[in-house]
Structure formats: C-alpha cells, structure tokens
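Computed from a predicted structure; not experimentally measured.
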Amino acid sequence: MVGGSGPAGHGGTGDSGSDLLRDVFDLSPVAILRVAHVDEHLGEVLDANPAAGRLLGVASHELIGRPLSELVPEVAARGENGPGASQSAVPIPSDDGTVRWIAVSITPLPAPEPDADPRALVILHDVTEQWTARDQLDRRARHDPLTGLINRAELLNQLGSVDPVSGGPLVGVIYLDLDGFKLVNDTRGHQVGDELLVAVARRIRAVLRPEDSLARIGGDEFVILSTRVADPQDLSAVAERVRSTLDEPVSVEGRAHRISMSVGIALAPAQQLDADNLLRQADMAMYRAKDAGRNTVRVHSVEMDQELATAELIREALGVALAVDPPDGGSPDAGLVLHFQPIVDIGSGRLAYVEALARLSVSDGTLVYPSQFLPVAARAGLNGALSEQVLRAALEQRARWRDVGIDVPVGLNLARGQVYSASFAGDALRLIAEHGDTPHGVVFEMGEFGLLEPTGPAQLTLRRLRQSGIGLAIDHFGTGYSSLGALRFLGPHRVKIDRSFVASITDSQADRAIVTAAVSAAHALGQRVVAEGVETVEQLEVLSGLGCDEAQGFLVAHVLPADELDLASTSWAPGTLARGDAAR
C-alpha cells in the first residue's frame with residue numbers, strides 16, 4: 001500500500017520498496033486517491049496520482065487538501081463511505097453539462113503512526129460508456145420505442161411499487177383506446193399510423209398532471225396511472241380532459257385525421273391494490289364506453305365485475321365448444337346449440353328456408369345468446385372458429401333433414417370479418433362439399449355493411465358466393481346507411497325489412513312509405529322481400545298489401561330447437577300463416 005507522512009505521500013525511508021510503490025501509484029492508469037478517514041467519514045485528499053487528476057479534470061497536486069465530498073459528492077451523500085465500502089457508479093457533472101459515471105471502491109489503510117488518524121484508499125473508474133449502454137438497455141426494457149412512454153412492464157412495476165402509506169388513499173387507472181385507428185392504419189399505412197400515435201401521445205401528455213404517469217401498453221391503447229387520488233371526481237376530470245384532446249382533428253403529413261377515444265376508469269384503495277385486477281377493471285370500463293357509442297368515458301362498477309365473471313364463463317364455454325381449450329371438470333356440458341326459425345312465403349304458405357340462430361350452452365346449462373357471446377368471441381379472437389362451427393353444425397342438421405326427405409335451405413348470419421376475408425368463400429364451399437351438400441342449400445344473411453362499397457375485397461367474396469349458387473340476403477334492411485341503389489351492385493336474392501318498420505307498419509305512414517320503396521326497388525331487381533318480426537295478422541295483411549313476399553316472426557313460428565321444429569308435418573295455410581303453435 002502507499003504509505004508515508006510527507007506532503008506528497010512519499011514513504012520517507014528512501015528504500016527501493018517505497019520507490020517502487022510510488023512509481024506504481026504515479027504510473028497507474030487507474031485513478032487513485034489517498035484520503036483521511038476520521039470517525040468513519042472520508043475527509044480531505046492526502047495524495048492523488050496523475051490518473052486521478054485527469055479523471056477529475058484538474059492537476060493531481062490541486063486535489064491535495066480538498067474534501068472528497070467536494071470532488072465526488074455522491075459518495076458522501078449516499079453514506080457508503082465506511083470501511084470496505086464500494087459503489088457501482090456515481091454521477092459526476094462535467095463543465096460541458098454532461099455527466100460522467102464513476103465507479104468508486106474504498107479500502108481502509110492502517111495509520112502511518114500509532115497516534116495518527118486512519119486513512120483510506122479510494123479507487124475511481126470511469127464507467128460512463130458501460131453505464132450509458134446499460135441505461136439504454138434498461139430504458140428500452142421499460143419504455144415504448146415509438147412514443148418514449150413507459151410500457152406495460154414498467155406500468156405494472158409502478159403499480160406494484162405503490163406505497164400504501166405515502167400513496168393513496170386511492171390508486172386510479174384510466175384506460176384509453178383510440179376509436180377508428182385501425183381504419184387509418186389500413187388505409188394510410190403503418191407509418192402514418194405510427195406518427196398519429198406519437199401525436200396523440202403528445203396531446204395526452206400535455207393535459208396530464210405532474211403526478212400522473214402515461215404508458216402505451218400496445219397498439220392504440222394507452223393507460224394513465226395516478227397513485228395519489230383523494231377524490232374520484234378528480235380522476236374523472238382528468239379522463240374527460242384527455243378525451244377532449246381529440247375533439248380537434250390530428251394532422252399527420254398535411255392531412256387531418258378525425259379520431260376519438262373510448263375511456264375507462266377504475267379505482268382501488270392503495271392498501272388493497274391488485275395491479276392486474278385494476279387494469280382489467282379499467283379495460284372493462286373502456287369496452288363499456290365503446291358499447292355506449294365510443295368517444296365517451298365510463299367508470300368501473302360492481303355490475304361490470306359481474307359481467308366480467310359472466311364473460312369469463314362464456315370464454316370458457318367457447319373454448320370447449322370450439323375445441324380451443326380442453327374441458328376441465330367444470331364445463332363438460334358447454335357447447336354450441338342451433339335453434340331455427342322458418343321464413344315462409346306469404347301467398348302460398350311454402351317454406352322458403354329456416355334461419356339458424358346460434359346459442360351457447362355454458363357449464364350450468366344456461367343458454368347464452370349471440371348479443372352476449374359474440375363480443376367475447378371477438379375479443380378472444382375466436383370469431384373465425386365460431387363462424388366455421390356454426391356453418392358446420394347447420395350443414396349437419398341439413399343432412400339429418402335430408403335423410404328424412406326434407407330439403408330445406410338453411411340461413412346463417414354472415415359477419416363483417418367473413419365478408420372481408422379473402423379465404424371465406426373458398427372455406428365455405430369446401431365445408432358444403434365435405435357434407436355432401438350443394439351451395440343452393442345455404443343462404444347467407446348479412447347486415448348492410450355488405451353494401452358500403454361497390455368494389456373491393458367484400459364484393460369479391462360476395463360475387464364468388466353468389467356465382468356458386470349460395471343465396472344472399474340483406475338483413476335488417478333500412479337501419480344502416482346504404483341506399484336503395486346499392487342493391488344493384490350487390491345483387492342479393494332477398495332483402496329483409498327490419499322489424500322496427502314492421503312493428504309500426506299498421507300505424508306509421510312514413511314506415512309504410514319506406515317499405516313500399518324498398519319493395520319496389522327490390523322487385524325491379526328481381527329480389528324477394530322478407531318482413532322480419534311479424535307478430536300479428538294485421539301486420540301481415542299490411543305487409544302483404546305492400547308487396548312483401550315472405551314473412552318471419554312469432555306469427556309464423558317461434559325460434560325452436562331442431563327436434564321441436566317438425567318441418568315434415570307442419571303446414572302453413574296460404575294467405576293467413578295460421579299455425580297451431582303460433583302462440584308458443
């Protein structure tokens with residue numbers, strides 16, 4: 001060790017050993033300081049080698065007599081200056097405003113004389129390059145590379161680090177999802193989509209409070225975390241302020257994009273915080289905002305928890321029904337069930353076809369309707385498998401009817417995703433062939449989204465279906481945004497008038513006029529018109545007088561399981577559709 005009591009730290013003995021140690025001290029490329037070590041505290045510098053002067057930016061002799069806390073402040077500030085202490089790195093500001101990171105190790109030295117104060121050897125290493133690289137890696141692990149916001153992992157880390165004493169009394173999460181972002185991505189490209197996300201993130205940050213954290217957790221989803229919420233209304237005010245940031249269009253590459261966001265809020269006591277559950281509750285509230293028409297804010301409630309439990313039950317049943325998840329002892333009876341409702345010719349009573357309506361049986365035997373299980377299937381990415389399973393089940397039922405001499409077409413609802421899928425038409429025709437059936441035995445019903453564009457992937461799918469012999473019907477006609485003229489380029493075989501017009505057809509002159517126009521346009525194009533939701537003879541008489549060809553509703557028959565729908569023995573009296581079971 002370097003010892004001695006002279007001002008420069010020489011040993012004073014003049015022997016070759018001391019000279020050698022001094023040479024090692026002076027010539028070492030590693031910065032070394034010898035400092036006073038009084039009462040377990042590091043004091044002034046007693047000796048410094050040239051490498052220390054270069055590292056600290058002054059001549060080594062100018063370091064003598066200066067307190068170590070002045071040269072390396074963080075060493076004293078962290079209180080890690082006892083015997084044998086070491087630190088991974090401490091920051092030292094440079095004159096040019098940058099910061100260097102210095103690794104510090106401290107080794108106690110014996111006192112040179114019995115009554116002298118002990119000393120310590122302080123070794124400094126410049127680890128700025130390594131520290132910067134590590135910091136960059138750490139930042140990448142914790143931040144979204146596109147927006148620079150913290151990512152999901154860091155958000156969960158911050159949630160898990162909430163101090164229930166200094167935080168709270170409530171911890172709040174605001175879950176944001178952009179409405180209409182996918183359309184921008186699909187039509188303008190991912191580069192524009194990315195720039196839009198950056199611009200949106202900038203707007204959100206501009207209206208947040210200093211204590212709020214903003215994360216991008218994937219896609220077009222953002223989360224705001226507030227760890228000290230005194231009044232829930234404060235968080236609602238933040239959420240509304242953030243939502244309103246998109247009231248004005250966002251400009252990207254000189255083009256204005258009008259989008260909005262759906263916002264969900266969830267709160268939890270700081271002392272009972274479950275990070276995953278809090279995020280899930282905020283996510284559910286956000287979906288309620290979307291269901292309410294988007295561009296709005298919803299706060300999580302106990303009722304939503306009940307809905308979540310139901311959704312999880314439905315998700316489990318879907319997994320079993322579609323063979324996505326193996327049954328676990330709790331849901332062996334889960335499965336997909338088809339019920340059917342006839343569509344009948346008004347004039348002759350002839351059965352035109354039966355519409356297949358899916359039901360999902362969950363573990364307790366309850367039947368769940370599409371309005372409940374379709375959103376769950378969509379969020380779980382099961383729409384494709386579900387649609388294929390429904391078609392397969394309908395074809396199997398048609399095969400059973402054909403075996404007893406009943407060849408009645410089956411109608412199925414067609415989802416938007418199927419219409420826009422390039423593979424759907426081929427997949428459907430393959431399934432029909434596998435069941436020994438013909439395309440004429442299937443009618444696909446779709447909403448008016450099929451009419452929104454005269455060209456494009458949807459029209460290619462519909463054209464192939466139509467050319468194959470599969471029947472096409474426009475469902476709930478009159479409730480969307482299509483024009484009567486759009487029926488021309490789609491060319492469906494049937495147009496189904498929505499039940500909302502049928503319900504008031506006996507009283508509303510306006511509804512009768514709309515139905516008359518739809519019937520006239522459809523007939524001019526060789527298309528049949530079906531009235532949905534017919535429940536009374538009076539409605540049927542008016543619809544028949546307006547030229548409707550077919551009827552569907554409780555006056556004809558209720559929605560029934562296949563084994564209760566006796567198509568072989570049931571007949572409808574022409575002109576009246578009188579049914580023995582019409583009151584069921």
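Other residues, nucleotides and ligands contribute at most 12 non-hydrogen atoms within 6.0 Å of the CD atom of E248. Within 6.0 Å of the CD atom in E396, the count of heavy atoms belonging to other residues, nucleotides or ligands exceeds 12.
Shortest non-hydrogen contact noted between G411 and Y353 is N-CD1, 3.8 Å. Here the shortest heavy-atom pairing between H300 and A285 reads N-CB, 3.7 Å. Closest of all the heavy-atom pairs between Y175 and A282 is CB-O, 3.6 Å. In terms of heavy atoms, I470 sits closest to V442 at CG2-O, 3.6 Å. For the pair F477 and F501, the tightest heavy-atom approach, listed with the atom from each and the gap, is O-CE1, 3.8 Å. Taking every heavy atom of both residues into account, A141 and N151 meet most closely at O-ND2, 2.9 Å.
E253 has a carboxylate O that lies under 4.0 Å from a charged side-chain N of R188, or vice versa, which qualifies the two as a salt bridge. Using a 4.0 Å cut-off between charged side-chain N and carboxylate O, D291 and R298 make no salt bridge.
Remark: side-chain polar atoms of T536 are paired, donor with acceptor, to backbone N or O of Q539 under 3.5 angstrom. No side-chain donor-acceptor contact under 3.5 Å links S544 to the backbone of E541. Proximity of a side-chain donor or acceptor of R258 to a complementary backbone N or O of V250 within less than 3.5 Å is not detected. Of the possible polar contacts, none joining the S520 side chain to the T516 backbone as a donor-acceptor pair under 3.5 Å is found. Listed for the R528 side chain is no donor-acceptor partner under 3.5 Å among the backbone atoms of R494. No donor-acceptor pair closer than 3.5 Å links the side chain of T461 to the backbone N or O of A425. Under a 3.5 Å cut-off, the side chain of R216 and the backbone N or O of G219 do form a donor-acceptor pair.
Proximity of V337 to P561: side-chain heavy atoms (C-beta onward) are nowhere separated by under 4.5 Å. Taking the side chain as every heavy atom from C-beta outward, I204 and I224 approach each other to under 4.5 Å.
Contacts of D186 classified as side chain to side chain donor-acceptor pair (under 3.5 Å), with partners at least two apart in sequence or in another chain: K182. For D549, the side chain to side chain donor-acceptor pair (under 3.5 Å) partners two or more places apart in sequence, or in a different chain, are H523. Applying the side chain to side chain donor-acceptor pair (under 3.5 Å) criterion to E538, with sequence neighbours excluded, gives no partner residue. Partners of R464 under the side chain to side chain donor-acceptor pair (under 3.5 Å) rule, at least two apart in sequence or in another chain, do not exist in this structure.
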*List the steps, then state whether side chain to side chain contact (heavy atoms under 4.5 Å, CB included) holds for M261 with T245.*
CA-CA 9 Å; M261 65 174 70; T245 61; 4.3 Å; yes
*Under the side chain to side chain contact (heavy atoms under 4.5 Å, CB included) criterion, do W401 and V354 qualify, and how do the steps go?*
CA-CA 12 Å; W401 281 329; V354 292; 3.8 Å; yes
_For Y287 and D177: C-alpha separation, side-chain torsions, deciding distance, then whether side chain to side chain contact (heavy atoms under 4.5 Å, CB included) applies._
CA-CA 9 Å; Y287 273 107; D177 185 273; 5.9 Å; no
*Please test E307 against R288 for salt bridge (charged side-chain N to carboxylate O under 4.0 Å, His left out), starting from the C-alpha separation and ending with a verdict.*
CA-CA 11 Å; E307 291 178 8; R288 285 295 295 270; 2.9 Å; yes
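For the 3.5 Å distance criterion, the side chains of H435 and R398 fail to qualify, holding no donor opposite an acceptor. One side chain, D179 or S260, offers a donor N or O that lies under 3.5 Å from an acceptor on the other.
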Show the atom names and distances, to 0.1 Å, of all donor-acceptor pairs under 3.5 Å that link a side chain in residues 380-390 to residues at least two apart or in another chain.
| unit_1 | atom_1 | unit_2 | atom_2 | d |
| --- | --- | --- | --- | --- |
| S387 | OG | N383 | O | 3.0 |
| S387 | OG | Q418 | NE2 | 3.3 |
| E388 | OE2 | R392 | NH2 | 2.8 |

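To the nearest 0.5 Å, the span separating CG on D144 from CD on E154 amounts to 12.5 Å. In this structure, CG in L357 is found 10.0 Å from OH in Y369, a value given to the nearest 0.5 Å.
Judged as a side chain to side chain donor-acceptor pair (under 3.5 Å), the pairs with a partner in residues 495-504 (not counting sequence neighbours) are, in order, E355-K496, E445-K496, H476-D498, K496-Q552, D498-S500, S504-D511.
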